[in-house]
Amino acid sequence: MIELAGLTKRYGEKVAVDDLTFAVRPGIVTGFLGPNGAGKSTTMRMILGLDHPTAGDVRIDGRRYDQLKDPLTYIGALLDAKAVHGGRSALSHLLCLAQSNGIPKSRVREVLDTVGLTAVARKKTKGFSLGMGQRLGIAGALLGDPRILMFDEPVNGLDPEGIHWIRTLMKSLAAQGRTVFVSSHLMSEMAVTADHLVVIGQGRLLADTSMAEFIRRNSRSYVRIRTPERERLLDVLHGAGITVLEAGGDALEVDGEKGELIGELAARHQVVLHELSPQRASLEEAFMRLTAESVEYHAHSDTAGLQDWGAGWEKGS
Ligand code: ADP
Ligand code: MG
């Protein structure tokens, strides 16, 4: 269990983390979602005692990080910035880490095996791909067999196979009863990974909810309609007791999955339709609405981010 109480971090005038209070529970994957600059990495660094809170407090199983004896056996983390000495092999990096943390050497072989790096264990890490580097970072996080794991944007820049591997690993760690806390700026990533969702924007808590509840509340299905005979169609639909919303431009919207019904009504009354399309408000839209006022870099969310967000949540988990 990780517990944050009023956790706050200021850098001069800038409030990076603003009075965050929430708990990360064992046995599930908790997604930590927020646009770039929302304060996710800063929060995670404070959890690990790498940054000092301006105010508030964070506890790991009831204790502050600096009160933990052999902290790697309580909490393992993969942070955004990779800090592996390129001249070393994966094996010697992990052996070193094990030694300085009172972890038996035999554990190094186990974690190399878990992350699939056994075959390249003696190779210098400077030749590692991004995916191999992530695997090595994860091996380090797993080394102390901790009950709590934290990953900061672990799938950034990975290929589909690497992404799939990390998702599966996180779920299996949670299924073993561990606490798994993972950050992302992509709603689509959270939707297929997380059981619980904590959303922040500009350092502030915006949502703390189960993924199922978030999906239930935020994925409205509706039908989009365009017609050159707007008034006639409105009469027909109102006559059938259907509530119509005026959408942007010349479009109309009807809540629910009423596409066939509307098509049949239009045909019966000989109203011309130019469009009749079932739609689903995406979780990405819900996330963007939630964080709208707090997006620091609009340019990013309007372009690259949007396509990512649109990509994959329907695959669902
Ligand atoms: P995220 O990980 O969600 O993208 P960060 O925690 O990295 O967000 O950053 C949150 C905010 O704090 C950003 O506005 C960032 O520029 C600022 N920030 C982070 N670290 C520092 C620092 N060392 N000095 C000054 N500002 C910082
Ligand atoms: Mg970050």
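Counting starts at 1 for both ligands and their atoms, following the listed order.
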Give the atom numbers and elements of ligand 1 that come within less than 4.0 Å of a heavy atom of R45.
20 (N)
Validation row: L252, E246 side chains within 4.5 angstrom (heavy atoms)
yes
With a 6.0 Å cut-off (strictly less than), is the heavy-atom count around CD of E213, excluding the residue itself, greater than 12?
yes
Suppose I only count heavy atoms of N36 and a 4.0 Å limit; which atoms of ligand 1 are within that range?
4 (O)
Name the residue from L20, L7, T43 that meets the side chain to side chain contact (heavy atoms under 4.5 Å, CB included) definition with V58.
L7
Under a plain distance cut-off of 3.5 Å, with no hydrogens placed, do S277 and E275 share a side-chain donor-acceptor pair?
yes
Under 4.5 Å between any side-chain heavy atoms of F214 and M190, yes or no?
no
Among the heavy atoms of G34, does any lie under 4.0 Å from an atom of ligand 1?
no
Where on H185 is there a heavy atom closer than 4.0 Å to ligand 1, on the side chain, on the backbone, on both, or on neither?
neither
Is it true that some N/O/S atom of S183, main chain or side chain, lies under 2.8 Å from the Mg ion (ligand 2)?
no
So the atoms of ligand 1 within less than 4.0 Å of a heavy atom of A16 turn out to be 11 (C), 12 (O)
N or O contact, T43 vs ligand 1, cut-off under 3.5 Å
no
Check whether any side-chain heavy atom of I47 lies under 4.5 Å from a side-chain heavy atom of I60, and answer yes or no.
yes
